[in-house]
Amino acid sequence: QVQLVESGGGLVQAGGSLRLSCAASGSFFGINAMRWYRQAPGKQRELIAGITSIGNTNYADSVKGRFTISRDNAKNTVYLQMNSLNPEDTAVYYCNADVYTRPGGVSNYWGQGTQVTVSS
């Protein structure tokens, strides 16, 4: 079984920064792409950042230039550095990963989510 555990959420004032972490644990052979999603109240979950196993990244326009996704493959961990936060960034942030749970086989997993609240 594979678990993704997020940490680093909290309450921050507008203009501030937070760094989210998501660590994968359990039995697996490796991790392919890792992603961060967020879901604001009353809105659909949206993909905001992704990173491949070799470090190629992509971002949603809403966070480009403010958020940075990175990963430490040795620690099976993905990070999301969030700068210049504004109240519109308030949401539950979820980690998502494609995990090799068997040779040649990939399964997709979600973390439990971490709340980020930005006050004005």
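Counting only heavy atoms from C-beta outward, the side chains of C95 and V78 approach each other to under 4.5 Å. V12 is not listed as a side-chain neighbour of M82, based on a closest heavy-atom distance of 4.5 Å or more. When side chains are defined from C-beta on, S107 does not count as touching V99, because their heavy atoms never get closer than 4.5 Å.
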task = Before giving the answer on side chain to side chain contact (heavy atoms under 4.5 Å, CB included), spell out for L20 and E6 the whole-Å C-alpha distance, their side-chain angles and the decisive distance to 0.1 Å.
result = CA-CA 7 Å; L20 305 183; E6 299 108 334; over 6 Å; no
inquiry  = With side chain to side chain contact (heavy atoms under 4.5 Å, CB included) as the criterion, how do L80 and I48 come out once you've worked through the C-alpha distance, each side chain's angles and the decisive distance to 0.1 Å?
reply    = CA-CA 10 Å; L80 186 68; I48 58 170; 3.8 Å; yes
request  = Please lay out, stage by stage, how I54 and N56 fare under the test side chain to side chain contact (heavy atoms under 4.5 Å, CB included).
outcome  = CA-CA 6 Å; I54 60 171; N56 295 322; 3.5 Å; yes
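Taking the six-membered ring where the residue is Trp, W110 and Y94 present perpendicular rings, their angle passing 60° and hence far from 30°.
Here CG of L11 is found 8.5 Å from CG of L18. Values are rounded to the nearest 0.5 Å. Atom OG of S53 is separated from atom CG of N73 by 7.0 Å, given to the nearest 0.5 angstrom. The distance from the OG1 atom of T57 to the CZ atom of R71 is 11.5 Å, given to the nearest 0.5 Å. Note that CD of Q3 and OG of S27 are 12.5 Å apart. Values are rounded to the nearest 0.5 Å.
In this structure, Q81 contributes its side chain and T68 its backbone to no donor-acceptor pair below 3.5 Å. Here the side chain of Q112 pairs no donor or acceptor atom with the backbone of V5 at under 3.5 angstrom.
Considering all non-hydrogen atoms of both residues, T90 and P41 come closest at O-CD, 4.4 Å. Taking both residues in full, the closest heavy atoms of S21 and T77 are given as CB-CG2, 4.5 Å, listed atom of the first, atom of the second, then distance. What you find for C22 and L4 is that their closest heavy atoms are SG-CB, 3.8 Å.
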Please tabulate, one pair per line, all N/O donor-acceptor pairs under 3.5 Å involving side-chain atoms of residues 28-36, not counting sequence neighbours.
unit_1, atom_1, unit_2, atom_2, d
N32, ND2, Y100, OH, 3.4
R35, NH1, N96, OD1, 2.6
R35, NH1, D98, OD1, 3.4
R35, NH1, D98, OD2, 3.4
R35, NH2, D98, OD2, 2.5
W36, NE1, Y79, O, 3.4

Return all side-chain donor-acceptor pairs below 3.5 angstrom for residues 113-120, not counting sequence neighbours, or 'none' if the list is empty.
unit_1, atom_1, unit_2, atom_2, d
T114, OG1, G9, N, 3.3
Q115, NE2, A91, O, 3.4
Q115, NE2, T117, OG1, 3.3

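By the criterion of side-chain heavy atoms lying less than 4.5 angstrom apart, applied directly or through intervening Ile, Leu, Val, Met, Phe, Trp or Tyr residues, V63 is grouped together with L85 in one hydrophobic cluster. If you chain together hydrophobic residues whose side chains sit under 4.5 Å apart, Y37 and I51 never meet in one group.
Applying the salt bridge (Lys or Arg N to Asp or Glu O under 4.0 Å) test to every pair with at least one member in residues 40-52, sequence neighbours left out, gives these pairs: R38-E46.
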